[in-house]
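Presented below is the structure to which this report refers.
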Amino acid sequence: MSDTLLPLLVALPLLGAVLAVAAGLASERAAAAVTTLVLAAQTGLAGWLGSQAVLDGPLSVGVGGFVAPYGIELVVDGLSAAVLVLVAVVSLAVLAFATEDAPGGTAFYAQYLLLVTGLSGMAVTGDVFNLYVFLEITGLATYALVASAGTGRSAVSALKYLLFGTVAASLYLLGVGYALMATGTLNMADLATELAAAGYDSPLVLASFGFIVVGLATKTALFPLHTWQPDAYADAPDSVSALIAALVSTVAAYALLRLIYTVYTPAFFEAVPVARDALVAFAAVSIVVGSVLAVTQSEIKRMLAYSSVSQYGLVVVGLAIGTPAAVFGAVVHLLGHAIMKGGLFVAAGAVADLTGARTVDEYAGLADRFPVLGGASAVLMLAMVGVPPAVGFAGKWYIALGAVRAGSWPVAVVIFASTLLTLAYFALLVERMFVAPASESVLAATDGGRDGDDDTDALGPSPPSASRPSRRALALVVGAAVVAIVLGVVVTDLGTALEPTIDTLLSP
Amino acid sequence: MIELLTTKYTYLVVVALLGIGAYVMIESDNFVKKIIGMNVFQTGIFVFFISSAFHTAGRSPVVQSGGGGGPFVSPLPQVLILTAIVVGVSLTAVALGLVVRIYERYGTINERTLEEVRADE
Amino acid sequence: MAASPLTALPPAVLVLAAALVTALAGRRLGHLVAGLTTGLVTVWVWVAPAGTHLTGTLFGFDAVFFQIDPFSRIVGLVFAFIATAAIIYSWATDASERQTAYALTYVGSSLGAVFAGDWLTMVVWWELMAVTSTILVWDYGGKAVRAGFRYAVLHGIGGSLVLGAIAWHYAAVGSFLFSAAPGGMVGTIPQVLAAVGIGVNVGFIGLHAWLPDTYPRPHIAASVFLCVYTTKTGVYAMYRAFPDGHLMIAYMGGAMAVFGAGAALLQNDMRRLLSYHIQSQVGYMVAGIGIGSALAQAGAFGHVFNHILYKSLLFMTAGAVLYQTGEENLKYLGGLARKMPVTAAAFTIAALSIAGFPGFNGFVSKGIVISASHYTFVKGPLVVGEFYTLELLLLLGGVGTFLSFIKFGYYAFLHGPYEGDPVTSAPRPQQAAMVLVAALCVFYGVFDGALFGLLPFDVTDEAVVHHVYHTYTVPHVVEGLALAAAGVVGFAVLKKPLSKIGRVPDVDAGYNPLVFYGTRALVHGVTETYAAVDRAAVGLADRAAAVRADPSLLSRFRADIGGSIFILMLVLGGVLAWLGIV
Amino acid sequence: MTDIASLRPALAVAVAAAAVVPILVSARRPNLREGWTVLAAVGSFALVASMLPGALDGTVYVADFGPLVAGVEFSLRADPLGLLFATVASLLWLVTSFYSVGYMRGLDEDDQTRYFAAFAASVAAALGVAFAANLVTVFVFYELLTVATYPLVTHDETPEARAAGRKYLAYTFGGGVAVLAGTVLVATMADTTAFTAGGIGALANADPVLARVAFVLLIGGFGVKAALMPLHSWLPDAMVAPTPVSGLLHAVAVVKSGVFGIARVVLDVYGVDLTSALGVGLPLAIVAAATLLIASVIALRQDNLKRRLAFSTVSQLSYIVLGIAVLHPTSIVGGLMHIPAHAFMKLTLFFTAGAIHVETHTDDISEMAGIGKRMPLTMLAFGVAAAGMAGIPLVAGFVSKWYLLLGSVGAGQTVFAVALLLSGVLNIAYFWPVFYQAFFESADDHDAKPLVEFSLGGESRSLLPAESEPDPGTVTDGGHEDEDDHHHGGPPAGGWEHRGWRGGESTWFMLGPILAAMTGAVVLGVIPGTAVFLRLVKVIVTAATGVAV
């Protein structure tokens, strides 16, 4: 019975987008309200369907009554359920911050919901071409959201992202084309058997794999295909940065995982080991170079962006290694990274709103003035570094365990080293925040307001207008920190929930 | 399996389109030209799909009453490409919108010039 | 053995407690308490029956905290007695109660070491003795401090060697108890370590330089304490380590007797001269231990007993002179016999005792050792008539002793009139202490049987010793007189050249710079190496930071749109090539 | 041994950790805030102590919290080895709590709330390390310990402190990574990481090369905090932290967590037999022996007292490692005994250094001549502890070193015995000048320090200035100044004033802890068998080696 509700996961936000536009005719607030409602409903729906999928096994439905493999199939298994819930929850949470931070406008909310549509669609679809469509919907919404900052920079970054993203999606489409030529089907489950029939070493299959991986790797922003990402993250509005940093690449990486294991299946890697080696090498390089680049950034959001390059490298390494532990680790890190990075971008946004500080140096002394915000950010950063018991550790543990069990020693070394690489840039920031003398911007933000007089807010100079972070931003950052730790603690429960899915995924 | 050999010339066209598109995107400093390049690139892919659907002596896949009438060209790629074209058009629209915004801000749509302008920011 | 009144308060503990009281009680009362306590301990040692002991566990090992046997008794007795005399002397020489308290801790730890019934207990006290004696030296301040530090380091090394010896010994035996290994140290390594480690304390040649370096520097009363305990505890420990003797040790003892006396002859500083004589005299004891026969050991321990009496007396007299004149260089003294008659008399008695002149106690015990070297030891490579190698060395040491004490006495008390500030006689209490000890020197010289009664072996009993010893035989007295005559003649001959000799460097003039500069080189080498590595690492980090500080360095590598797509195409090509398609 | 389910180990950790919250909340009421610290210290010590009798009888208290990651329980287990470390850490935390009050208030430091909160968190993490029942749980607390101590290291917020903090993080997280890697390898080879007395059996069947690699990783990782050379360099730099931190954390809790980790790895993961069979004990012992000698040599040259103490710590920690690495039951007893022994002694030493800093703003040894007049009790405590460091009997250091010596001789590894003895002499060489110049030299006439930098036989110096102002560049206290005492280090003009033996030299908040720590060191040195540690150590070693000692 719940199967039939699956299309709602896509339809609801899509419809919501239309509604938001309509409501926006009345007022911007109404659009925001509609968006909130829709996302809340989406969260509930995702949660319910997700739990069904986890408890009772995968749900699937053929859209419009066409049965698979001829029609478009929507599938929710444990993995996509997790991603769905993540998308819904994060987008709802970030919306709280977006309503007070973003440039607003009805269009913004419509784009926001459109993005959720695309992401949810990518998560539930069981059809490779359908995936392309959702990929492009996601892309379109993202480009628009990045540009919604209204600045020239954001427009340039959005354009860069657009061109690059489109080419990447086109490559993916090309890959789909090769697969189609090889098999004549687009359904993922069907492709799995047909590709095997076509022979994994046939040029068509190999070509399809190559194009698809390169296309999705670009969307995931692995080095050196990441070049769109720092610009986009840095120039987007802060709430958008938070949203896309948390979700867009995450879902792209999910798609990569889905394609590799549902479509190509582990047997493909068995038959074509070079494919796995390529992916592992690619991702390992990404880990190292991303971190190095992050260390060299002076701007916070760019640093966080490069950090993502590195972290997704870790995720992809995990999924490429392909032992159950490693894949589970990749999923954990995927989810955890979304929470942590989202929280950090919200924090960066809140800080910028408060003090105008956007560079590492300007962060000096921040924690003395905003102890809770600083503390929660520090927790998130340390979680990302991999300090237990936070989720960053859990993901790394499983990935490392998988790498060691698979005997891929160089990769294991890189994985372990990634802790230090991550530390390299975050420690720098923590040090600035906690033990450096306060920078001018931080001082300016709190001068006069420090004595606890709320009235002075109104008198302050315009960009740093408040003397303490907004409740919502604070709640989000603290919430992210808490979730990052809780996720780490309950990781074994997550493991139990996802185990059947991953076992199915990895069964040859 | 679709026979590669018979479609080899379209295949060359595809490669040419992809190459041209990529080249324009890489080499042209003009944003609008880049967008055109992107369109050319996408078109190459469209052609690739459509040509893959070709079947010697195939007919358009309209099933006559009572069935039969084949062989048909494969209808599936054509459907897909219809969708892809729509996507492409939307992308082009958004891209052009962004170019307009850039022009408003910086007074140029040339990437090199833009870099110089932004260097002074 | 169950706790009894005799074992309830071991002497060491009693003395340490007294030290605490002394430090707090003020000068007069403090010295009184100190003197009474050591006096009491003297009596305690005297009356406690042999075999009195206290067992227990120390740090988890079986231990005998103290035990009385003939060897420990004689040493403990004289230790406690001389402490009493030295405390009287301290009180008379304005020593602070703090210094005397330090001295008491030193006395206490020495007593602890001597009465210990196992190696672990002994080494605990042994180390404490090193610490307390160091503090006693330091207390005087000034030059004594650095000397005390050198002393501490050297004794730290010696103590470490002893620790090592005991550890090895334990590995072989499985117990620390003396009773578990009646033959002393087991195995070559422990024996070498023990010999060298204890050798630091007893002043083996080459390891002795701390003696003349340290003892002349502290307070004069402190010197009286110092000259007694460290070296003699060493002799005692040497016996415990080598109860059956050892050839090399015996010869080392002979060499020390000669070397110490010879070096003493060259000295002009009174206490420095006396310090070398400690080495020389300890040489006789070491020789006795090394010979290892009952006679020799009896002689060695008798000599310990006598030596403590006269050597402390010598330090007292030297101290009295120093106390009155403020001068310790023999070159600037002289003619004091008239001004300080009691001191001069005490000195004379002590000098005759140490030189082994018939009728004084040194003659008795030295005679036993020399006799043992003749009758119970190998002949050795050098034989002159009836005299064997070791015996010759010991006799030669005797001549040197005569020589140097004639020098001391001549320059201090006889030679010319004293030209310094007016000098009065030593204070009464000082005199009392000196007379008390001097009387004993004579007593044990005349009534040699009293001494024999204290010895661990009865040297007059044929059943016990290989060769029955008689003190006053004609050849022996003649021998003593001949040595004295040789000394007088020798001094007459050497007086002139000796007076021209300045300060003679000892081995420490070699090893001190070697150790010091060697350590400095090592320290610099190590620290600079590490600093260089550290600098390199930090420099690397700084350079990385510089890259961040200067974004323009990186912006060149930032890809624009065209570049990005170019890279994408390259990667695509690369991947396809890797997969083997293109 | 019988396992009993009990929350006590977890509570001991939780009490310390929970203290963070009220401490932060009562930031504006210092007395209340310090009250929380003391309360938590008393509470966690009481909890730890309550488990001691059981531990001696072979009872192990276990608190199990379900899986941490797949196949690994998050579990706290108060076995004898864990209790050894926990007792030392929690007892000395109590002592240090009082001292911290005296120190921080004496200097009127900034950010005292953060300081006390981080302190409580650090101790909680250290207790967690002590009680962790498997490698993964250890790793969790090991990393948290790093994080919790970071604010303490950088407390001064000076560029120097920040640099030290960076180094600290880099080294200790580096170590953490190695531990993690080793843990993963062990988990892969043995399918468990739970500590087992005598070693995890399954490891014996593992590929020896991998087993060795994992051993090296684990030891290297823990070796960072244990300051094994060449991984030690963070420790001297971390001395910019306030002295109670240097005392408790960088001489007891943090560094000992590294040493403790090594003990766990050798005794409870690999086991003595396997360690020996793999041939990894000897290299470790060589590293430890080299460290203890080289660090002593470096210490000779340090003028800053805390830096000298830091190198001494580096050296002394390697005693422990050496004892364990020699793998002889007696030497292991010695090594483990040195954990409490060194803790008490080094804490005393750091406390005295801090008291001198607070009272006189003097940090350099070369400026301390004659200071015994000013601070007699403090310097006496220094002397006692310094004697213990050199292995002088009746202080704790002798007992542990004695066992070490017996063990290394007994194991036939004589070269290590030589290193131990040599190090004892070096200890005399670098500690005793500090002591003797305090009491037996005076400010106007003393040997220039450090001795090794000046001419043979000493160079006479006077601290009483001909020029009025000493070099202000040596001040590292962040510029806090006593109102009535404006000079920076060294004696005031006219020499040290004389203060008696009745405690007029400082506050009892500092003197009390100093004397308490010193007394602890002496008690351990005189009656180690009665004080609980030696018994505990023997239980541990008997369980780990199967040999009754």
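Below, chains carry the letters A, B, ... as their sequence lines are ordered, and counting in each starts from 1.
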**Request:** Calculate, to the nearest 0.5 Å, the distance between atoms CD1 and CD belonging to I565(C) and E27(B) respectively.
**Result:** 11.5 Å

**Within 6.0 angstrom of F566(C) CZ, more than 12 heavy atoms from elsewhere** = no

**Request:** Inspect the surroundings of OH in Y140(C) and state if more than 12 heavy atoms from other residues, nucleotides or ligands are less than 6.0 Å away.
**Result:** no

**Request:** Evaluate whether atom OH of Y530(C) has more than 12 neighbouring non-hydrogen atoms of other residues, nucleotides or ligands under 6.0 angstrom away.
**Result:** yes

**Prompt:** Is the OH atom of Y511(C) crowded by more than 12 outside heavy atoms at less than 6.0 Å?
**Reply:** yes

**Fill in**
Tightest non-hydrogen contact, residues E111(B) and I561(C), listed as OE2-N, 3.0 Å

**Complete:** Bottom line for Y23(B): the part with an atom under 4.5 Å from chain C's heavy atoms is neither

